[in-house]
Protein chains: 2
Amino acid sequence: MQRLAYETMRTTKDAPAPTIAEHKAAIQRENRRVTSYDVALVAGVSQSAVSRCFKPGASVSKHTYARVMKAADGLEYIPNAAARSLITRRSNMVAVIISNAANLFYPEALSELSKHVARGGKRVLLFTLHKESELDLVLNDVWQYQVDGVIAAATLSEAQVAEFERRRVPLVIFNRNLRGQAANTVACDQYEAGRALVSRLAAAGHRVFGMIDGAQDNAVASERRRGACERLAELGLPEAVIVRGNFDYASGKLGLREIIARSGGRVPDAVICGSDVMAIGCLDCARHELGLAVPAQLSVAGFDAVEASNWLSYNLTTLRHPMQQMTAAAAELLYSLIDNPGGAAEKRMFAPQFVEGATARLVALPPAAVSLAA
Amino acid sequence: MQRLAYETMRTTKDAPAPTIAEHKAAIQRENRRVTSYDVALVAGVSQSAVSRCFKPGASVSKHTYARVMKAADGLEYIPNAAARSLITRRSNMVAVIISNAANLFYPEALSELSKHVARGGKRVLLFTLHKESELDLVLNDVWQYQVDGVIAAATLSEAQVAEFERRRVPLVIFNRNLRGQAANTVACDQYEAGRALVSRLAAAGHRVFGMIDGAQDNAVASERRRGACERLAELGLPEAVIVRGNFDYASGKLGLREIIARSGGRVPDAVICGSDVMAIGCLDCARHELGLAVPAQLSVAGFDAVEASNWLSYNLTTLRHPMQQMTAAAAELLYSLIDNPGGAAEKRMFAPQFVEGATARLVALPPAAVSLAA
DNA sequence: TTGTATGCGTTATCAT
DNA sequence: ATGATAACGCATACAA
């Protein structure tokens with residue numbers, strides 16, 4: 001300790017320790033932060049003793065601890081996390097990379113993640129993506145902050161995943177299933193969700209399908225579409241008319257009109273939408289603009305089971321992600337990677353839950369009705 | 001530089017500079033991070049030269065810059081933000097403290113804040129509150145991380161605001177109007193919003209009001225209530241029947257039933273709800289459960305203008321916060337405080353915008369109808 | 001249990 | 001323009 005530049009440090013061992021109030025005023029005068037040296041000086045102990053008092057489980061005598069804590073409280077001393085992380089190599093920060101779309105679908109996801117991360121004593125440093133293409137720039141920033149781990153609700157390239165390995169930064173991919181990549185993943189099986197939905201609808205006799213897809217580069221939506229399309233093919237049903245949406249209400253409304261237009265004016269048996277919000281748009285368009293009875297004339301289904309899907313005016317047929325479980329699992333997996341690096345990649349895949357709702361007909365029509373429909 | 005412990009550093013001035021690949025392998029072997037010393041060694045310059053190359057506007061020759069950047073790219077060197085912040089006293093992090101409820105009302109608020117904060121080169125460190133009472137614990141954590149500033153979408157006590165001053169941490173209070181506190185604030189005038197809504201409804205002849213209030217400790221909702229009640233009193237209208245809600249759909253449904261029960265079975269002229277989601281619950285209850293025509297028999301109004309309020313099935317009468325402007329203003333204000341500390345407190349108050357919608361009758365009834373209603 | 005000495009990786013100051 | 005050196009505030013190995 002040779003900080004003799006500071007007036008407050010100009011104290012030899014023999015000089016009396018300053019009082020808390022005196023020293024605090026001096027620090028204020030010098031316009032600097034309160035450090036562990038200040039606490040040590042006031043408490044009459046060494047700086048390392050102060051440090052130990054703030055480390056859980058360190059060996060400090062009751063007497064020393066009490067003196068230090070009294071001084072620390074009086075000076076309003078708080079350890080500096082930046083300095084600490086420099087030496088411990090732990091920043092106690094976890095980066096969460098989240099694309100805008102993901103955030104809007106699951107308003108609770110971020111808050112839940114934050115809660116679970118906080119439980120382990122770390123905090124969330126937030127990186128939002130407004131286009132998936134910004135990811136490389138954002139990652140560059142992530143490295144700087146020396147975060148202890150990353151939860152990414154975005155689609156990473158293999159090169160990007162590889163950089164995490166090289167830099168030894170634990171990574172959990174959230175709500176994206178990167179097929180064929182050996183990355184730690186917590187996700188919902190979107191492919192299976194697409195298949196399951198088609199199976200249920202087909203079993204009830206739907207034959208002509210329309211689909212309102214998600215935004216172009218969205219991996220979640222394309223997985224669902226793939227599942228749905230493959231299941232349709234397996235069942236020998238005609239290919240679905242697929243139009244592009246961007247997950248919002250307006251694109252659900254437009255999507256239905258476009259499907260009908262592209263089908264020569266015919267209304268399909270069922271429309272599968274890439275999100276609940278689009279499904280709600282589709283539903284409102286069908287009922288209020290086109291005067292179609294749902295589900296009598298048209299079945300509509302969504303994905304996500306957002307809160308609104310459950311409102312009386314909609315009561316949507318949809319598939320629920322077990323978000324609470326997924327966020328808890330993501331935090332847990334990340335912590336285990338941080339504590340124990342270098343294990344094999346683990347994929348925790350959750351099954352989507354079918355929500356019956358009332359916007360899709362889920363029982364087969366009686367024979368008479370079938371002949372009428374045909 | 002006396003890091004002679006490292007094999008890779010065991011190089012005197014006369015020894016040849018190692019190649020990028022050699023050095024990188026050595027670093028890997030020693031299982032340590034790439035530092036500016038490594039880059040300096042490979043590039044054949046001093047460590048300070050490397051540092052300058054990463055500081056915009058520093059004076060470095062083209063030749064040196066090129067050599068350094070080549071080495072840095074090859075080694076995948078990224079400056080360590082923790083070390084940097086230790087000396088610059090800038091962490092390039094902004095804490096955002098947000099209570100759960102706030103997050104759920106405005107799914108875009110956090111993402112927008114993050115975007116605006118990122119524009120200035122900083123990132124958001126997220127602190128979520130699950131109860132407002134957790135705030136003291138959370139603040140303790142905030143100090144540790146040495147954030148450059150704080151945006152708090154939560155209600156702070158005077159003592160808490162004072163601690164920000166003492167610690168000289170710039171603070172912007174978001175979407176809360178702390179009356180009488182000299183704190184920097186970006187908010188929407190909730191009191192005025194409450195008044196405005198009552199004024200509009202009263203002008204259209206509504207006389208008997210019910211209110212579904214927000215959660216107990218929520219300052220935003222109580223401001224609105226205060227504005228609404230005071231305006232009612234001014235107009236000489238009867239006191240509103242007020243029931244407590246917790247901002248969610250279910251409490252909107254229950255709230256309407258409770259209001260009617262507490263009014264001896266009479267349906268009020270209008271129900272003012274503390275949030276759109278509650279208003280939607282109230283609306284669904286009125287229409288689907290009680291068979292009331294809205295707005296013919298009952299007017300329903302909300303607050304917030306969330307996306308769903310605009311859906312065809314609802315088309316809610318509500319009040320919009322200019323969220324985009326508010327988030328931009330909050331980030332801007334915080335940056336100005338960081339760059340120029342110690343100015344007088346500034347309050348940026350935005351006016352809520354009335355959204356007519358179709359769930360409240362906004363024109364006076366014709367005389368004949370009035371006599372019928374009376 | 002306590003204190004001394006050192007290093008974490010950077011920026012800033014000051015010669016050159 | 002460049003290099004040597006001193007902070008920044010803390011944790012830790014080691015000696016006492």
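So you know, we letter chains A, B, ... as the sequences are listed, proteins then strands, and number each from 1.
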(request) Would you classify Val60(A) as touching base, sugar-phosphate or nothing, given that sugar-phosphate means primed atoms plus P, OP1 and OP2, and contacts are heavy atoms under 4.0 Å? (result) sugar-phosphate
(request) State whether Arg348(A) and Glu346(A) are salt-bridged, where the test is any N-O pair (Lys NZ or Arg NE/NH1/NH2 against Asp/Glu carboxylate O) under 4.0 Å. (result) yes
(message) Taking only side-chain N and O atoms of Ser61(A), does any of them lie within less than 4.0 angstrom of OP1 or OP2 on dT2(C)?
(response) yes
(request) Could you check how far CZ of Arg90(B) sits from P of dA12(C), rounded to whole Å? (result) 11 Å
(message) Measure CG/Asp38(A) against P/dG9(D) and give the value in whole Å, please.
(response) 9 Å
(request) Round to a whole Å and report the spacing from CD1 of Ile27(A) to P of dC8(D). (result) 13 Å
(message) Quick check on dT1(C): is either OP1 or OP2 less than 4.0 Å from any side-chain nitrogen or oxygen of Ser59(A)?
(response) yes
(message) What verdict does the salt bridge (Lys or Arg N to Asp or Glu O under 4.0 Å) test give for Arg119(B) and Glu332(B), after you've listed the backbone C-alpha separation in whole Å, the side-chain angles of each residue and the deciding distance to 0.1 Å?
(response) CA-CA 10 Å; Arg119(B) 252 191 248 294; Glu332(B) 193 195 322; over 6 Å; no
(message) Reading DNA chain D from 5' onward, which residue's closest nucleotide shows up sooner: Arg33(A) or Ser48(A)?
(response) Arg33(A)
(request) Could you tell me the separation between the CZ atom of Arg89(B) and the P atom of dA7(D), rounded to a whole number of Å? (result) 13 Å
(message) Nearest 0.5 Å, please: how far is CZ in Arg84(B) from OG in Ser91(B)?
(response) 12.0 Å
(message) Distance check needed: dC14(C) P versus Arg52(B) CZ, whole Å only.
(response) 14 Å
(message) Using OP1 and OP2 only, check whether a side-chain N or O of Lys55(A) sits under 4.0 Å from dC10(D).
(response) no
(message) Rounding to an integer number of Å, can you tell me how far His63(B) NE2 sits from dG3(D) P?
(response) 10 Å
(message) OP1 or OP2 of dA1(D) versus the side-chain N and O atoms of Lys62(B): is any pair under 4.0 Å?
(response) no
(request) Using a strict cut-off of less than 4.0 Å between a Lys/Arg side-chain nitrogen and an Asp/Glu carboxylate oxygen, indicate whether Glu163(A) and Arg166(A) qualify as a salt bridge. (result) no
(request) To the nearest Å, give me how far apart OH (Tyr37(B)) and P (dG7(C)) are. (result) 11 Å
(message) Measuring to OP1 and OP2 of dA4(D), would you say a side-chain N or O of Ser46(B) lies under 4.0 angstrom away?
(response) no
(request) Specify the residues of residues 69-87 of chain B, ordered by number, for which at least one heavy atom lies under 4.0 angstrom from an atom of DNA chain D. (result) Leu86(B), Ile87(B)
(message) Measuring to OP1 and OP2 of dT10(C), would you say a side-chain N or O of Ser36(B) lies under 4.0 angstrom away?
(response) yes
(message) I'd like to know if the side chain of Arg67(B) and the backbone of Ala43(B) have a donor-acceptor N/O pair within less than 3.5 Å.
(response) yes
(message) Are Tyr77(B) and Trp143(A) an aromatic pair, judged by ring center distance below 6.0 Å?
(response) no
(request) Take atom CG of Asn92(A) and atom C1' of dA11(D), then tell me their distance rounded to the nearest Å. (result) 14 Å
(message) Check Glu112(B) with Lys115(B), please: is the shortest side-chain N to carboxylate O separation under 4.0 Å?
(response) yes
(request) Nearest-nucleotide wise, let me know which of Gln47(A) and Tyr65(A) is further upstream toward the 5' end of DNA chain C. (result) Tyr65(A)
(message) Counting only side-chain nitrogens and oxygens, does Thr35(B) get under 4.0 Å of the OP1 or OP2 atom of dC8(C)?
(response) no
(message) Categorize Ser51(A) for me: base, sugar-phosphate, or nothing, with a 4.0 angstrom heavy-atom threshold over every strand shown.
(response) base
(request) Examine distances only and state if a side-chain atom of Asp148(B) and a backbone atom of Asn92(B) form a donor-acceptor pair shorter than 3.5 Å. (result) yes
